[in-house]
2 protein chains.
Amino acid sequence: MTTTDSGVRQRTRRAILEAAAALWARDFSASLGDIADRAEVSRSTLHRYFPERQALVDALLLDSQESLEEAWSTAVAASSTPIETLENIMGAIVDLADRILFLFSDPARFEGNPHWRADDDDGMSDLIRAAQASGDLDADIAPTFVMGVMYSLIYVTAESVAAGTLPRHKATETVVRIFRHGLTARS
Amino acid sequence: MTTTDSGVRQRTRRAILEAAAALWARDFSASLGDIADRAEVSRSTLHRYFPERQALVDALLLDSQESLEEAWSTAVAASSTPIETLENIMGAIVDLADRILFLFSDPARFEGNPHWRADDDDGMSDLIRAAQASGDLDADIAPTFVMGVMYSLIYVTAESVAAGTLPRHKATETVVRIFRHGLTARS
DNA sequence: TGAGAATAGGACATGAGTGTGTCATTCTGC
DNA sequence: GCAGAATGACACACTCATGTCCTATTCTCA
């Protein structure tokens with residue numbers, strides 16, 4: 001752990017994080033035993049990687065924020081206008097729905113957590129404000145509310161994809177269309 | 001209880017149900033102690049009204065479904081077309097966000113519960129299909145997905161109202177506008 | 001193949017939530 | 001004001017998730 005982690009350790013760690021994200025996204029009270037089962041790992045092993053529940057929470061928090069920022073950067077790099085950036089972000093993070101839910105479903109979950117970064121939220125707010133200023137988004141609606149709608153749409157879309165109701169290749173197009181048409185400024 | 005419940009008993013019962021709805025809407029693992037505190041009642045009293053946790057769950061399930069169906073009936077009575085009905089329902093149940101969340105946030109929560117009625121969902125699906133048939137809603141989108149969007153929008157709206165971000169009197173108009181413009185058929 | 005890493009499967013103590021009971025106190029309606 | 005309803009404040013046993021051990025087994029890589 002101090003030097004180089006073997007490939008085995010990395011895989012096990014990823015499996016636990018993935019399992020935690022999948023379960024905690026929908027029910028933060030899911031037990032460590034459930035997570036261990038889902039990761040196909042014994043509870044002993046889980047505790048070896050993450051001594052206490054909080055350690056796993058923190059690790060997942062950091063990992064989720066990292067994934068999100070990566071998707072964010074990619075979307076920004078591929079866009080020229082604020083509204084285009086927002087749409088690209090929405091499309092990109094449909095696959096990260098578990099992380100989104102874990103991070104944002106309960107506003108108070110990470111209150112006071114030293115690893116928590118509100119940067120994402122701020123950046124998003126700025127983008128929304130910019131899109132409103134340029135007339136692409138309805139200026140009557142509070143940025144906070146717009147963000148809520150964005151996350152909700154992403155969540156519903158991801159759920160539908162998981163349930164098989166919505167084909168994956170149509171997901172991005174659908175969520176962006178609903179977002180754009182539903183929040184477009186009245187002309 | 002067998003004959004006529006005193007006004008006191010009814011008020012206490014309502015207070016407990018309201019508290020349970022408010023807490024369980026956001027965190028179904030909230031303890032009975034928390035609910036008792038919120039209802040300004042001792043845990044003893046709560047247990048006197050609802051002997052076990054499941055009894056409170058069932059009671060809240062029944063009560064929530066009842067409230068929802070009442071709002072539903074009112075909306076149906078005041079509307080003539082399917083799309084109009086859907087919009088009226090959305091406006092009417094913004095105030096019932098806690099109940100909506102409690103009922104629908106976890107699809108598996110009431111699986112196998114004898115009190116659970118899927119009628120609401122079916123009726124909603126029928127309305128959505130009708131609205132799609134008449135060209136008011138995009139027929140490319142699965143009714144299940146449309147329902148998910150509706151519930152999400154209702155939730156976000158109710159949250160914003162509670163947080164003070166969105167004035168109550170603007171809530172209905174806002175949520176309906178987003179719903180309609182975001183899901184309208186492309187012409 | 002052998003050494004060391006990695007894991008599974010327990011036992012055990014602890015704390016929180018739950019369910020049940022009892023008793024004293026407060027409130028309500030006649 | 002009084003009887004009975006309604007409630008609050010405890011005490012207790014029980015269950016389950018958590019955290020900490022320890023040992024036997026399996027896996028990985030040199």
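Only a predicted model underlies this, so the values are computations on that prediction, with no experimental measurement involved. Throughout, a chain's letter reflects where its sequence line sits, starting with A, and its residues are numbered from 1.
- Comparing C/dT7, D/dT7, D/dT20 against the side chain of A/His47 picks out D/dT20 as the nearest.
- The base of D/dG19 is paired with the side chain of A/Arg43 by a donor and an acceptor separated by under 3.5 Å.
- Within the nucleic acid shown, A/Glu40 comes within 4.0 Å of sugar-phosphate atoms alone, with no base atom in reach, counting heavy atoms only.
- Side-chain N/O atoms of B/Thr45 and B/Ser42 include a donor and acceptor closer than 3.5 Å.
- With respect to A/Glu69 and A/Arg117, a salt bridge is recorded, a charged nitrogen being found less than 4.0 Å from a carboxylate O.
- A pairwise comparison of heavy atoms in B/Trp24 and B/Ala30 identifies NE1-O, 3.2 Å as the closest pair.
- Between the P atom of C/dT20 and the CG atom of B/Leu46 lies a distance of 13 Å, rounded to the nearest Å.
- By the 4.0 Å N-to-carboxylate-O rule, B/Arg43 lies too far from B/Asp37 to be salt-bridged with it.
- A straight line from CG of B/Asp34 to C1' of C/dT18 spans 13 Å, rounded to a whole angstrom.
- With D/dT7, C/dT18, C/dT7 as the choices, the nucleotide that has an atom nearest any side-chain atom of B/Leu32 turns out to be C/dT18.
- Across all strands shown, B/Tyr49 has heavy atoms under 4.0 Å from sugar-phosphate atoms exclusively, and none from any base.
- Residues B/Ser29 and B/Arg11 both approach DNA chain C. Their nearest nucleotides, taken by heavy-atom distance, put B/Ser29 toward the 5′ side.
- Atom CG of B/Leu56 and atom C1' of C/dT18 are 13 Å apart (whole Å).
- Note: CG (B/Leu23) to P (C/dG17) measures 13 Å, nearest angstrom.
- Here the P atom of nucleotide D/dT7 and the CZ atom of B/Arg48 are 7 Å apart, to the nearest Å.
- Residue A/Ser44 places none of its side-chain N or O atoms closer than 4.0 Å to OP1 or OP2 of C/dA8.
- The ring of A/Phe102 has its center closer than 6.0 angstrom to the ring center of A/Phe110.
- Nearest-nucleotide positions on DNA chain C place A/Val41 closer to the 5' end than the other of A/Val41 and B/Arg53.
- Atom P of nucleotide D/dG8 and atom CD1 of B/Ile16 are separated by 9 Å, given to the nearest angstrom.
- Here D/dA5 presents its P atom at 11 Å from CZ of B/Arg9, a figure rounded to the nearest Å.
- The phosphate of C/dA8 has OP1 or OP2 within less than 4.0 Å of a side-chain N or O from A/Ser42.
- Rounded to an integer number of Å, the gap from B/Glu52 CD to D/dT15 C1' is 15 Å.
- Note on A/Ser31: every side-chain N or O is 4.0 Å or more away from OP1 and OP2 of D/dC16.
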